[in-house]
Amino acid sequence: MNLSLSDEQVFLREAARGALSRFKTLEAAREALDGDEQALPDLWPTACEAGWPGLLIGEEHGGAGLDAFDAMLVLGECGRVIAGVPLLGHLPATAILDAASMAPMLDELATGEKRAAYLPVSPPGDVVTGWTVDPRSGIERPGAPAASGSGESVTVSGTLAFVPDAPGADVLVGVALLGGKPVGVAIEAGAQGVSVEAVERYDATRSLGHVKLENAPATVLDTPEEILAAAWYLAQALIAAESLGSVETALDVSVAYAKERFTFGRAIGSYQAVKHSLTEVLRELENGRSLLYYAGWARHGAPGEFPLAASAARSVAGRALDDAARTMISVHGGIGATWEHDAPLYFRRAQLSRRLLGGTGGASDRVAGELIAQA
Amino acid sequence: MDLDDTPEQAAYRAQVRSWLEEHASEAPILQGPDAIRDEDEIIAARRVWQGKLAEGGLAGLTWPKEYGGQGLGPIEQVIANQEIARAKLPGILDAIGVGMLGPTIIAHGTDEQKSRYLAPLLHGDEVWCQLFSEPAAGSDLAAVQARARLQDDGSWRLSGQKVWTTNAQFAAYGLLLARTDPDVPKHKGLTMFLVPMDAEGVTVRGLRQISGEAEFNEVFFDDVALDAGAVVGGVGNGWGTALTTLMFERVTIGLGSEGMGYNSTRFASALAADEHARRDPEVRHRLGEIAAELLAIRFTGYRTLTALQKGQVPGPESGLAKVTLVSGAIKAGDLIADVLGPDALQEGSEWAYMISFLPGLKSAGGTEEILRNTIGERVLGLPPEPRLDKGIPFSELRSKEGAPA
Ligand SMILES: Cc1cc2nc3c(=O)[nH]c(=O)nc-3n(C[C@H](O)[C@H](O)[C@H](O)COP(=O)(O)OP(=O)(O)OC[C@H]3O[C@@H](n4cnc5c(N)ncnc54)[C@H](O)[C@@H]3O)c2cc1C
């Protein structure tokens with residue numbers, strides 16, 4: 001039993017921090033919210049240089065052949081500075097493709113010449129027994145896209161709302177039901193019958209798209225069903241890691257301010273109301289970190305526990321970020337509620353993240369479902 | 001990063017498992033229809049069982065070999081705890097003695113103290129209690145007033161009162177923090193003593209808790225004679241010695257949590273048994289949030305172990321795991337009672353005792369507020385609160401505190 005990072009993992013994390021520090025991501029996020037979308041730096045070339053697109057692709061295809069935990073370290077760094085690197089969509093898609101015996105574009109996806117986006121389809125649970133997608137609005141979850149035809153080439157129809165990193169992706173990878181059975185599908189974004197509508201968003205750094213498929217031609221992948229399900233949980237683990245990265249910064253900035261801001265002749269961090277709310281954020285952060293280790297290990301170490309581990313990480317991380325962002329605002333007083341401060345950016349990130357990919361609440365329900373099913 | 005046992009750890013686990021299988025029939029039965037009911041019999045049986053665990057190398061296994069331990073690491077301790085829990089067998093009776101007080105004696109005691117007291121402690125022949133808290137000194141432990149006075153012949157006389165003392169009703173010895181010099185600032189004039197509970201002048205009175213059971217006590221000391229050999233860690237060094245105990249307390253709580261039965265699987269099973277509850281969105285939402293946090297504790301424990309393995313001392317942040325554990329278990333008990341209704345609160349229910357015990361556990365071993373103060377200061381580096389007791393001799397402080405505002 002050993003939960004320390006390897007030297008390579010420490011290097012991966014430090015390198016990511018260094019690479020992202022060359023950009024003014026927070027300023028850009030604010031300017032983009034003000035309508036200047038051009039302000040957002042294109043971080044994909046940086047990602048490609050660092051080898052992130054190929055993190056989960058096997059070495060035979062030019063990838064790094066690493067595991068979920070490594071990817072989570074990179075996402076955590078993106079979360080720290082709210083960097084919009086389209087890995088949340090790309091990485092789960094590549095995990096599905098990498099597990100297929102024949103997958104299109106894998107070599108180009110590994111280098112980042114091409115970019116993929118995962119079409120999030122949540123696997124059956126103990127109460128909802130079908131494969132479902134996020135609704136555009138409301139709590140009723142529509143069924144997964146349907147495939148028709150036979151052999152390797154089929155057509156797929158369906159709609160998916162708020163798909164991370166879909167705008168600008170070259171290939172969309174997800175799950176469709178073929179004769180009621182889930183199969184992996186890869187769909188070229190430029191093909192006929194595919195439309196991706198970019199979503200105007202509350203957090204400008206988060207690229208999202210509504211995807212509509214009308215008899216879109218798709219390649220059927222022979223990815224095993226467990227891996228199709230695991231892609232959903234991988235996405236949960238990645239957004240959890242990204243959220244916790246944001247919590248780290250929100251906490252650091254709040255603690256620093258609590259040390260330097262004085263009222264009534266004392267630093268505000270010496271008041272228990274402030275101190276205890278900051279230790280509460282630390283508590284949530286530490287719990288989340290521990291669960292990232294669990295999820296990172298379980299994907300291969302105990303695949304049967306991966307749904308539980310990743311959902312638990314998401315549940316804790318989503319709540320942690322909400323609390324961290326609100327605490328950041330309140331600890332900063334009036335400044336914290338001001339447009340020019342960074343706190344609103346973390347707050348916006350928190351509110352939008354919690355509602356994506358089935359939502360933090362959906363992850364909590366999945367934790368319960370997994371435990372109830374085992375009971 | 002790896003959560004699997006190494007080959008050595010797997011071998012150790014197998015060894016523990018086979019020992020437990022072989023000796024399971026000798027363990028006292030504490031639950032179910034055949035359970036022992038009489039309180040004294042339970043304690044007697046658990047002492048014998050502790051002795052067997054010690055002989056099998058499953059008690060105090062992080063203690064050095066020369067004191068009857070196994071000289072093993074905290075990982076092996078956790079493996080042994082996990083296996084005992086898995087086999088649904090009771091653990092040792094004297095977790096306070098073996099986990100906290102014995103290690104304090106190992107760290108600060110004299111050779112005579114070590115050779116006299118450690119072996120009977122480990123084997124459950126002599127149970128120990130922690131005589132720290134007083135009516136006017138809990139969170140502010142350094143405010144203890146129990147007073148030990150040095151006699152001309154080098155012996156001591158002790159008078160005062162301790163309270164909330166777990167296990168004092170059947171303890172043979174206690175480790176007691178007393179004031180030996182009131183004329184210096186409060187952390188300085190303290191000394192740690194080892195006190196025989198059957199000495200003349202010691203009175204133990206049981207205090208009943210919310211559950212109705214009396215697991216802790218108030219203990220009175222009326223001019224109790226202690227010989228010079230009763231001092232642990234040197235005269236005037238009581239605070240440093242107490243901090244050692246409190247450090248081991250954190251480790252005991254941090255690594256022992258798996259054995260306390262406050263885990264997500266058990267709570268989920270209780271709810272899964274109800275056909276409606278298991279499908280009810282609100283119940284599931286609450287369970288999911290609670291369970292996710294409780295699950296984190298196990299992996300926080302593994303992170304602590306990783307640090308210990310590298311020779312690092314676990315810091316106060318493991319106290320956060322205690323907050324998560326206690327508040328998570330409280331919320332789980334609440335949810336279970338919401339679903340099962342008043343029956344959950346009925347004596348004999350699996351949950352009644354837990355629900356009654358947990359509010360007190362929030363205070364035991366340091367209150368949540370104190371933990372958050374400590375963590376805020378030591379881990380986050382936030383400034384401490386202004387204090388009104390720094391540098392002032394204890395005797396003057398007391399008169400100030402008593403004075404009307
Ligand atoms: C089940 C149980 C078993 C126990 N077993 C033992 C034992 O075996 N041996 C032993 O020595 N003790 C034992 N204790 C005592 C325990 O350590 C104390 O209860 C605890 O340290 C709190 O002290 P107190 O009871 O004096 O409360 P106080 O210190 O009076 O605290 C009262 C309230 O004030 C708050 N408070 C105090 N100071 C501050 C501050 N600076 N900032 C913010 N809030 C503050 C506390 O958090 C608490 O909410 C046990 C307690 C329980 C409940």
Side-chain angles (χ1 to χ4, degrees), chain A residues 1-6 9 67 69 126-127 139 251 255 258-259 265-272 274-276 278-280 282-284 286-294 296-298 301-302 308-309 311-316 319 361 363-375, chain B residues 1-6 9 75 78-79 264-265 267-273 277-279 281 283-293 295-303 305-307 309-310 317 320-321 323-324 368-369 371-377 379-386:
Chain A
M1 180 188 304
N2 172 16
L3 283 194
S4 46
L5 301 188
S6 66
Q9 288 172 330
D67 205 347
F69 194 71
D126 61 327
V127 174
I139 55 172
L251 180 60
V255 165
K259 289 179 190 172
R266 286 161 66 180
I268 57 169
S270 70
Y271 293 107
Q272 285 188 12
V274 172
K275 187 179 284 168
H276 290 190
L278 292 170
T279 61
E280 176 60 6
L282 178 69
R283 188 187 70 82
E284 295 169 314
E286 293 296 333
N287 282 345
R289 276 184 181 147
S290 294
L291 290 167
L292 289 188
Y293 281 104
Y294 183 24
W297 167 75
L308 175 65
S311 306
R314 171 85 198 275
S315 166
V316 167
R319 287 180 278 149
S364 301
D365 186 83
R366 182 71 68 163
V367 170
E370 288 292 315
L371 290 168
I372 285 170
Q374 284 164 26
Chain B
M1 184 184 77
D2 187 8
L3 281 170
D4 296 320
D5 288 340
T6 61
Q9 288 160 1
I75 300 234
V78 167
I79 291 174
S264 46
T265 311
F267 298 142
S269 302
L271 298 166
R278 64 185 288 155
R279 303 177 67 84
V283 169
R284 292 166 65 90
H285 191 85
R286 286 168 69 188
L287 172 65
E289 293 201 345
I290 296 163
E293 295 211 359
L295 267 175
I297 295 173
R298 190 188 321 155
F299 299 91
T300 303
Y302 293 162
R303 289 170 63 198
L305 284 176
T306 303
Q309 252 175 322
K310 289 188 182 161
E317 66 275 15
L320 288 173
V323 174
T324 298
E368 183 171 329
E369 289 75 20
L371 283 170
R372 288 189 188 274
N373 286 349
T374 313
I375 290 160
E377 286 159 31
V379 182
L380 294 179
L382 292 169
E385 284 182 277

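Chain identifiers are assigned alphabetically (A, B, ...) following the order of the sequence lines, protein sequences preceding nucleic acid strands; residue numbering begins at 1 within each chain.
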With respect to chain A, which residue among [options] yields the maximal number of heavy-atom pairs within a distance under 4.5 Å?
| options | result |
| --- | --- |
| B/E377, B/E293, B/K310 | B/E293 |
| B/P281, B/G381, B/A291 | B/G381 |
| B/L295, B/I375, B/V323 | B/L295 |
| B/P383, B/A273, B/A272 | B/P383 |

- B/L382 side chain reached by A/K259 side chain, heavy atoms, under 4.5 Å: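 In contact.
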
- Would you say A/I372 and B/L271 make side-chain contact, with heavy atoms under 4.5 Å?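 Answer no - side chains too far apart.
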
Most heavy-atom pairs under 4.5 angstrom with chain B, which of [options]?
| options | answer |
| --- | --- |
| A/Q374, A/E284, A/R319, A/E280 | A/R319 |
| A/V316, A/D67, A/L291, A/V367 | A/L291 |
| A/A302, A/A312, A/S290 | A/S290 |
| A/L251, A/L371, A/L308 | A/L371 |

- Item | Under the salt bridge (Lys or Arg N to Asp or Glu O under 4.0 Å) test, residues paired with A/E286 that sit two or more places apart |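 Salt bridge (Lys or Arg N to Asp or Glu O under 4.0 Å) check on A/E286 returns A/R289, B/R303.
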
- Counterpart residues, salt bridge (Lys or Arg N to Asp or Glu O under 4.0 Å), relative to B/E368 (two or more places apart):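 By the salt bridge (Lys or Arg N to Asp or Glu O under 4.0 Å) rule, B/E368 matches B/K362, B/R372.
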
- Heavy-atom distance under 4.5 Å to chain B: side chain of A/R283, backbone, both or neither?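 Interface part for A/R283: both.
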
[atom1] of [X] to [atom2] of [Y]: how many Å apart, nearest 0.5 Å?
| X | Y | atom1 | atom2 | value |
| --- | --- | --- | --- | --- |
| A/Y293 | B/T300 | OH | OG1 | 10.5 Å |
| B/N373 | A/K275 | CG | NZ | 5.5 Å |
| B/T265 | A/E370 | OG1 | CD | 12.0 Å |
| B/E385 | A/Q272 | CD | CD | 4.0 Å |

- Message: In this structure, is the centre-to-centre distance between the rings of A/Y294 and B/F299 below 6.0 Å?
- Response: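 Yes, close enough.
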
- Nearest heavy-atom neighbours spanning B/E289 and A/S364: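 Closest approach of B/E289 to A/S364: CG-OG, 3.6 Å.
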
- Message: Test your reading of the model: is there a side-chain donor-acceptor pair from B/T306 to the backbone of A/L3, 3.5 Å cut-off?
- Response: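 Indeed, once roles are kept as given, a pair shorter than 3.5 Å links the two residues.
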
- Flag yes if more than 12 heavy atoms outside B/R279 fall under 6.0 Å of its CZ atom; otherwise flag no.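 Open.
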
